[in-house]
Each structure stands twice: as structure tokens, then as C-alpha cells.
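All ligand and atom numbering here is 1-based and tracks the order in the structure. In this text the structure is predicted, and so the values were computed from the model without any measurement. In what follows, residues are counted from 1 in the order of the sequence shown.
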Amino acid sequence: MLVILQSGANQEVVDHVVERIERLGLRAHISQGEFRTIIGAIGEENAAFYDQIRTIEGVENVVSIMKPYKLASRDFQPHDSQVKVGNVTIGAGAFASIAGPCAVEDKQSCMEIARAVKASGANMLRGGAFKPRTSPYSFQGLGEEGLKILRDCADEFDLPFVTEITDPRNVELVSKYADMLQVGARNMQNFVLLSEIGKIRMPVLLKRGASNTVKDWLMSAEYILSEGNSNVVLCERGSQGFENEMRFTLDVGAVALAKRDSHLPVIVDPSHAAGRRDLVMSLALAGIAVGADGLIVEVHNCPDKAKCDGPQALTPKMYEKLMQQVKALVEIIKQNQVLQETD
Ligand code: PEP
Ligand code: MN
């Protein structure tokens with residue numbers, strides 16, 4: 001439930017309400033607005049709680065959040081969230097252009113790719129050091145060595161980087177190097193991993209599982225948020241469809257739905273959805289048109305030799321062309337928003 005305090009309620013009132021909420025076995029999340037304070041009381045609710053909280057002095061109203069996810073919902077926070085990753089901001093009008101190899105293979109190629117994507121306008125680098133592969137015999141990533149390479153490339157080109165974490169035991173290791181942790185589609189419901197990541201304050205990119213609903217996705221975000229980490233960015237990367245010429249089906253409806261029901265930024269991964277480079281541009285633009293706050297795209301300097309996901313990797317030249325289109329479309333959308341606001 002949401003506990004809305006009277007405007008001008010002082011710290012004493014806030015502390016008292018928090019104490020009463022905690023005595024009911026719920027967790028209090030304070031949201032300090034410009035005019036009033038709202039306290040989210042999160043946990044297993046009971047109808048009797050409403051009256052107990054509503055009658056506290058200084059409380060204006062108590063409203064139930066009907067959705068199963070609470071902190072992730074727009075009922076809890078109506079305005080769009082922004083997540084900061086190093087010097088990059090994602091959400092509420094700030095667009096993330098994340099690009100890089102599927103997996104880091106060696107320092108030279110990673111540097112080359114980072115240089116190229118930066119020159120085309122990327123503001124973040126991606127790259128896997130711990131790869132979740134379907135086959136145990138496929139390249140699994142360079143592990144810590146890959147993280148070191150990513151750090152060097154990120155620092156060289158002033159691009160914060162995101163990398164996947166597959167194991168809760170690696171939270172300390174990966175967060176020592178990375179600027180943002182990625183939870184991959186296969187781990188979207190690895191609840192131990194989500195809770196561990198929730199206990200730190202590092203930004204998280206939470207990909208939607210290929211067979212999960214938007215509700216499942218937001219419940220997974222709730223695991224991270226409820227532990228106290230509010231730096232969550234959602235990523236749509238395609239769901240399991242019946243079309244076999246694409247790896248997955250980019251679900252643009254899910255982007256619109258997630259943005260309607262949640263305040264969290266949502267970005268799109270057209271690379272894993274398409275599974276083939278000739279469709280990446282179209283899907284990327286579709287994602288932006290439907291309201292995505294950014295893109296994460298796989299780029300390789302020599303896709304034919306890539307150890308992972310070569311068929312979907314763009315060449316640096318293709319990425320340059322993509323970014324020209326992206327910039328133009330983002331600009332049109334921004335102008336349109338300004339027009340709507342002044343109407
Ligand atoms: C990736 O980003 O490299 C990746 C494995 O993505 P997904 O979890 O979406 O398959
Ligand atoms: Mn990949």
C-alpha cells in the first residue's frame with residue numbers, strides 16, 4: 001500500500017509512520033516528492049492494516065497497489081525513473097546507445113570495436129566475460145581476464161560497460177570491474193542472483209526471459225528493488241515465437257506495456273531477437289518508435305570469426321549507419337514530445 005502524508009509533514013511524522021509500518025512486518029520505502037512524501041509499505045498486506053495506518057496523525061490517505069509488483073509499478077512512482085551508469089543517464093528522455101561484442105575475445109579486438117562504436121556515437125560498451133552457452137563445449141568467456149579487458153577498453157574510450165553475471169557467487173568479482181551488471185534472459189528468474197544483486201547499489205540491466213510475461217519480468221525487477229537497489233533498467237530481447245527465420249520475436253508490445261505499467265527505463269536488444277544482422281536495423285528502429293529508452297547492439301570487427309553470435313553481429317560500418325538512423329529518429333521523437341507538451 002501507499003501511505004500518502006499530508007503536505008508539510010515533518011521528519012518526526014515520517015519516522016513514526018515508518019516505525020508503525022515496520023511493526024506490521026512490512027518494509028517502508030520513502031519517496032520524497034516535491035510537495036509531499038509518499039511511503040510505500042511493501043509486504044504481505046492485510047485489510048486491517050489500512051485502518052491502522054490511515055488513522056496515524058499526519059497521514060492523508062492510504063491507497064492499495066493492486067499490481068503484484070509494487071516498487072516497480074507506476075502506482076508507486078508515476079514519473080519515469082532515470083538510472084545513472086557512470087557518466088551516462090538512462091530513462092526519462094535520456095537515451096542509451098550500448099554496443100560491443102557478444103563475448104570479449106582478446107584485448108586488441110575489444111579495443112578496436114570500442115573505438116569504432118564510440119566514433120559512431122555509442123555511449124556505453126557491452127561485452128560478455130561469463131557466457132551462458134547452450135552447449136558446455138562452446139566458448140564460455142574469458143572470465144576475470146575478460147573483465148579486465150573490458151575495464152581497460154571502457155577507460156580508454158570513456159564508455160561505461162555492462163557485462164553479464166551468471167552466478168550469485170560472482171557478484172563481488174564482477175562488480176569490482178563493471179559499471180552495470182546484466183542479468184541475461186536465461187537467468188531472469190534466478191531469484192538468488194536477483195536478491196544478491198539487490199543488496200548492492202550497482203545498476204542492473206534485467207533482460208526479459210524468452211518465455212516470460214511482462215508481469216514475470218516486473219516481478220523479477222521487484223526482487224532487486226525490494227532489496228534496496230533502485231537502479232534497474234529493463235531490456236526486451238525477443239520472446240519465443242513460431243517464426244523460424246528469426247532467432248526470437250522482438251516483442252514491441254511488451255516494451256509499450258512495460259513502459260505503461262512501470263516507471264523503470266526499458267531498452268531493446270534487436271541483435272538477440274533477430275539472430276541475423278540484416279534485420280537488426282529495422283528492429284532497433286521499431287523499438288525506439290514504441291518508446292524504448294535505449295538500444296543494446298552486438299558489433300564485431302570481424303563477425304565471421306566471432307566466437308559467439310557472429311551471424312547477428314553488425315560490422316562497425318553497419319553500426320555507423322544504424323546510429324545515423326537512430327539519432328534521426330530519437331530527434332524526431334523528442335521534437336514531437338515538445339510539441340505535445342506545448343499543445
Ligand atoms: C547477451 O547479451 O550476450 C545474451 C546472452 O543475451 P540474452 O540473455 O538476451 O540471450
Ligand atoms: Mn550474444
Is a donor on one side and an acceptor on the other found under 3.5 Å between the side chain of [X] and the backbone of [Y]?
| X | Y | result |
| --- | --- | --- |
| S262 | A72 | yes |
| R36 | L5 | yes |
| W217 | M188 | no |

Examine [X] against ligand 1 and note whether any of their N/O atoms are separated by less than 3.5 Å.
| X | answer |
| --- | --- |
| C102 | no |
| D309 | no |
| D269 | no |
| E164 | no |

TODO: May I have the angle between D309 OD2 and H272 NE2 with its vertex at the Mn ion (ligand 2), rounded to 10°?
DONE: 90°
Open item on the list: Ring-plane angle category for H263 and F76, please: parallel below 30°, perpendicular beyond 60°, tilted otherwise.
Closed with: tilted
Open item on the list: Is the terminal nitrogen or CZ of K307 (NZ for Lys, CZ for Arg) located under 6.0 angstrom from the six-membered ring centre of F139 and within 45° of that ring's axis?
Closed with: yes
TODO: Can you pull out the closest protein heavy atom to atom 8 (O) of ligand 1? Residue, atom name and distance to 0.1 Å, please.
DONE: A185 N, 2.7 Å
TODO: Write out the residue and atom name of the closest protein heavy atom to atom 4 (C) of ligand 1, then the distance separating them to 0.1 Å.
DONE: H272 NE2, 3.4 Å
Task: D309 versus H300, side-chain donor and acceptor atoms under 3.5 Å - done: no
Any salt bridge linking [X] with [Y]? Criterion: basic side-chain nitrogen under 4.0 Å from a carboxylate oxygen.
| X | Y | value |
| --- | --- | --- |
| R115 | E112 | no |
| E164 | K207 | no |
| K259 | D293 | yes |

Proximal ligand 1 atoms for [X], defined as those under 4.0 Å from one of its heavy atoms:
| X | value |
| --- | --- |
| G184 | 8 (O) |
| K207 | 1 (C), 2 (O), 4 (C), 6 (O), 7 (P), 8 (O), 9 (O) |
| E298 | 3 (O) |
| R237 | 7 (P), 9 (O), 10 (O) |

Open item on the list: Can you tell me which N/O/S atom of E298 has the shortest distance to the Mn ion (ligand 2)?
Closed with: OE2
- [ ] Using 2.8 Å as a strict upper limit, say whether an N, O or S atom of C308 approaches the Mn ion (ligand 2) that closely.
- [x] no
